[in-house]
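The structure appears below as structure tokens.
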Amino acid sequence: MKKKMIIISSIVVVASLIIALIIYFNVRIVVDNSGFTLKDDLTVNVYSNVKVKYFIKDIDGKVVENSKIKTNELGKVEVEFIYLNSDNRKRKGVFEVEVKDLEEPLIWLSNSYSVRVGDDVNLEDEILCADNYDSNPSCKIKGDYDLNTAGNYSLVYEAEDSSGNIESVDFTLNVYEPKSVTGGGSSEEVTYTDFNAILEEHKTDDTLVGIDVSKWQGAIDFSKVKEAGAEFVIIRVGSQNGVGGEYVLDPYFKRNIRKALDNKLKVGIYFYSYADSKKEAKKQAEWVIKQIKDYDITLPIAFDFESFTLFNSMKLSLYGLNEVAESYFSTLEDAGYDTMLYGSKNYLNAIWKYNANKVWLAHYTDKTDYDKDYVMWQLCQDGVIDGINGFVDIDILYK
């Protein structure tokens with residue numbers, strides 16, 4: 001009986017091993033590069049949004065997993081993917097691509113730049129010079145000029161990143177004597193944008209029309225703003241006092257948000273930031289949350305970064321700046337808030353090109369030609385509405 005049990009146990013063990021081997025050889029996907037051919041060029045620009053199929057020239061079958069390729073760091077990257085061959089069997093393809101920085105630095109400069117005689121400015125610091133990958137590109141002005149002598153100077157601004165990409169801009173530096181103004185008033189006609197006209201043109205079932213405000217609008221009569229047809233308000237909660245500075249609550253924030261909510265206006269928030277790191281942006285978001293946690297915020301909270309004259313000193317790449325904003329967004333989103341990025345059309349296209357968040361577009365025009373998605377459009381800064389003495393920004397929110 002004991003011998004019989006040993007025999008049965010041996011049979012069970014052998015059978016289990018056979019089954020395990022069968023499963024292994026059927027489940028294991030062998031590496032086979034014979035079923036496809038690759039493109040000749042296997043280089044890709046850093047931060048590119050590319051997938052496996054981009055590099056496949058021909059395939060005898062089809063790709064099963066067209067996964068995104070990691071392009072956040074320079075160098076060689078091994079790519080693995082699964083495909084079905086001509087016999088409909090799963091095979092693993094393996095190849096290598098090289099991630100390179102193929103973009104020239106960005107120089108934010110037109111063909112002319114003006115400063116007053118005697119201005120104490122460092123042009124190489126003042127004029128925005130940035131790179132997509134390199135946080136500290138070489139930025140130099142070539143040519144002679146004298147900020148203490150009026151005149152026009154023909155110069156070249158040249159930037160080179162650590163990958164050897166070079167960009168240059170020829171420009172004229174205009175050093176001018178300020179003109180003195182004496183007597184009399186200005187005969188220039190003051191123009192403005194009437195809120196009622198915007199309401200009539202842009203209000204539909206799919207839009208809300210509103211305003212954004214800060215201390216610059218003073219004490220607002222929100223009952224009149226509501227009666228004028230405004231449906232929402234984006235309120236500045238505060239700002240940072242320069243790079244590395246303290247966070248300052250807008251002196252009208254508490255009054256603005258209380259009065260806006262009392263008058264049944266939908267409310268969103270923005271913070272004016274000088275954040276130069278992900279850690280700083282996270283702290284700012286946490287500070288914002290502390291200020292707004294007791295209020296009913298139903299619209300997005302915006303990241304407003306406009307300190308580009310100081311950008312060179314921050315030692316950030318353009319991708320790094322986008323990561324700073326993302327740190328702000330993720331902190332707020334983890335707390336349950338919706339978020340958006342504020343930016344002008346040109347900055348959105350050139351500076352914020354890696355942004356994947358919702359956009360609050362600033363473009364002062366009758367009809368914007370910004371060709372990417374946006375959830376809100378700030379169409380003017382010279383708006384006039386009952387309840388506010390002076391100008392205010394007018395915005396269209398798309399449902």
Side-chain angles (χ1 to χ4, degrees), residues 192-214 217 220 222 225-237 256-257 260-261 263-273 285 288 292 295-306 322 325-326 328-330 332-333 335-388 391-399:
Y192 64 91
T193 302
D194 184 70
F195 185 85
N196 291 326
I198 298 299
L199 196 64
E200 183 177 342
E201 181 179 356
H202 291 278
K203 177 59 187 169
T204 70
D205 292 339
D206 297 320
T207 63
L208 299 176
V209 183
I211 57 177
D212 61 270
V213 302
S214 68
Q217 279 69 48
I220 299 170
F222 279 97
V225 167
K226 176 73 172 181
E227 289 172 7
E231 298 168 284
F232 71 88
V233 57
I234 309 297
I235 300 172
R236 187 176 78 160
V237 61
N256 281 342
I257 195 167
L261 291 172
N263 284 278
K264 310 302 181 186
L265 288 163
K266 294 180 182 295
V267 170
I269 298 294
Y270 78 94
F271 179 82
Y272 193 96
S273 173
V288 170
I292 68 176
Y295 300 103
D296 184 20
I297 310 298
T298 55
L299 298 183
I301 301 171
F303 182 70
D304 181 9
F305 181 100
E306 302 178 47
N322 282 260
E326 183 54 40
Y328 177 90
F329 297 142
S330 61
L332 284 158
E333 288 163 4
Y337 295 100
D338 197 7
T339 60
M340 61 184 175
L341 172 71
Y342 174 83
S344 69
K345 172 195 164 183
N346 291 335
Y347 282 121
L348 287 168
N349 283 330
I351 306 292
W352 296 108
K353 59 183 180 178
Y354 301 111
N355 172 63
N357 207 281
K358 295 176 181 176
V359 164
W360 176 11
L361 167 68
H363 192 194
Y364 306 146
T365 180
D366 293 333
K367 185 177 181 180
T368 181
D369 57 358
Y370 181 66
D371 59 1
K372 299 180 181 66
D373 293 335
Y374 53 97
V375 296
M376 191 159 70
W377 173 25
Q378 185 187 79
L379 53 80
C380 75
Q381 60 181 349
D382 61 354
V384 172
I385 187 173
D386 287 346
I388 295 178
F391 292 144
V392 68
D393 304 331
I394 300 178
D395 304 274
I396 311 298
L397 178 65
Y398 300 91
K399 298 180 183 179

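For this chain, numbers begin at 1 and follow the sequence in order.
When all heavy atoms are compared, the tightest approach of Asn355 to Phe329 is OD1-CE1, 4.0 Å. When all heavy atoms are compared, the tightest approach of Gly387 to Val225 is CA-CG2, 4.2 Å. Asn196 and Ala228 get closest at one heavy-atom pair: OD1-O, 3.7 Å. In terms of heavy atoms, Leu299 sits closest to Phe232 at CD1-CB, 3.6 Å. Between Ala260 and Ile235, the shortest heavy-atom contact is CB-CD1, 4.3 Å.
One distance of note links NE2 of His202 with CD1 of Ile394; it measures 9.0 Å at 0.5 Å rounding. The CG atom of Leu261 lies 6.5 Å from the CD1 atom of Ile297; values are rounded to the nearest 0.5 Å. The OG1 atom of Thr298 lies 10.0 Å from the CG atom of Leu265; values are rounded to the nearest 0.5 Å. To the nearest 0.5 Å, the span separating CD1 on Ile396 from CG on Leu208 amounts to 9.5 Å. Expressed to the nearest 0.5 Å, how far CD of Glu333 lies from CD1 of Ile301 amounts to 9.5 Å. Distance OH/Tyr354 to CG/Asn322: 8.0 Å, rounded to 0.5 Å.
The main-chain N or O of Ile198 is never found under 3.5 Å from a side-chain atom of Glu201 such that the two would form a donor-acceptor pair.
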CA sep, side-chain torsions, deciding dist, call: Tyr295, Val267, side-chain contact (heavy atoms from CB on, under 4.5 Å): CA-CA 9 Å; Tyr295 300 103; Val267 170; over 6 Å; no
Residues Tyr370, Leu348; criterion side-chain contact (heavy atoms from CB on, under 4.5 Å); working and verdict: CA-CA 9 Å; Tyr370 181 66; Leu348 287 168; 3.8 Å; yes
Step by step, would you call Asp338 with Lys358 a salt bridge (charged side-chain N to carboxylate O under 4.0 Å, His left out)? CA-CA 9 Å; Asp338 197 7; Lys358 295 176 181 176; 2.8 Å; yes
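Between Glu231 and Lys203 there is a salt bridge, with a side-chain nitrogen of the basic residue lying less than 4.0 Å from a carboxylate oxygen of the acidic one.
The aromatic ring centres of Phe305 and Tyr342 sit 6.0 Å or more apart.
Residues Tyr270 and Val237 fail the side-chain proximity criterion, which asks for heavy atoms closer than 4.5 Å. Contact check for Thr193 versus Val384: no side-chain heavy atoms found under the 4.5 Å cut-off. Looking at heavy atoms from C-beta onward, His363 lies out of side-chain contact with Asn346 at the 4.5 angstrom threshold. Put simply, the side chain of Ile269 does not reach to within 4.5 Å of the side chain of Ile234, judged on heavy atoms. Annotation: side chain of Phe271 is in contact with side chain of Tyr328 (closest heavy-atom distance under 4.5 Å). Annotation: side chain of Val375 is not in contact with side chain of Leu361 (no heavy-atom distance under 4.5 Å). Side chains of Val233 and Asn256 form no contact here, defined as non-hydrogen atoms less than 4.5 Å apart. For the pair Phe195 and Val209, the minimum side-chain heavy-atom distance is below 4.5 Å.
Side chains of Gln378 and Asp212: a donor-acceptor N/O pair is present below 3.5 angstrom, by distance only. Side-chain atoms of Gln381 and Asp393 form no donor-acceptor pair, as typed in the model, at a separation below 3.5 Å.
Around NZ of Lys399, the count of heavy atoms belonging to other residues, nucleotides or ligands within 6.0 Å exceeds 12. Heavy-atom contacts from other residues, nucleotides or ligands closer than 6.0 Å to OH of Tyr398 number more than 12. Residue-environment remark: CD (Glu200) stays at or below the threshold of 12 foreign heavy atoms within 6.0 Å.
Sorted by first and then second residue, the salt bridge (charged side-chain N to carboxylate O under 4.0 Å, His left out) pairs with a member in residues 363-376 read Lys345-Asp369; sequence neighbours excluded.
Among Asp304, Asp395, Thr339, the one residue that satisfies the side-chain hydrogen bond (donor to acceptor under 3.5 Å, both in side chains) test with Trp360 is Asp395.
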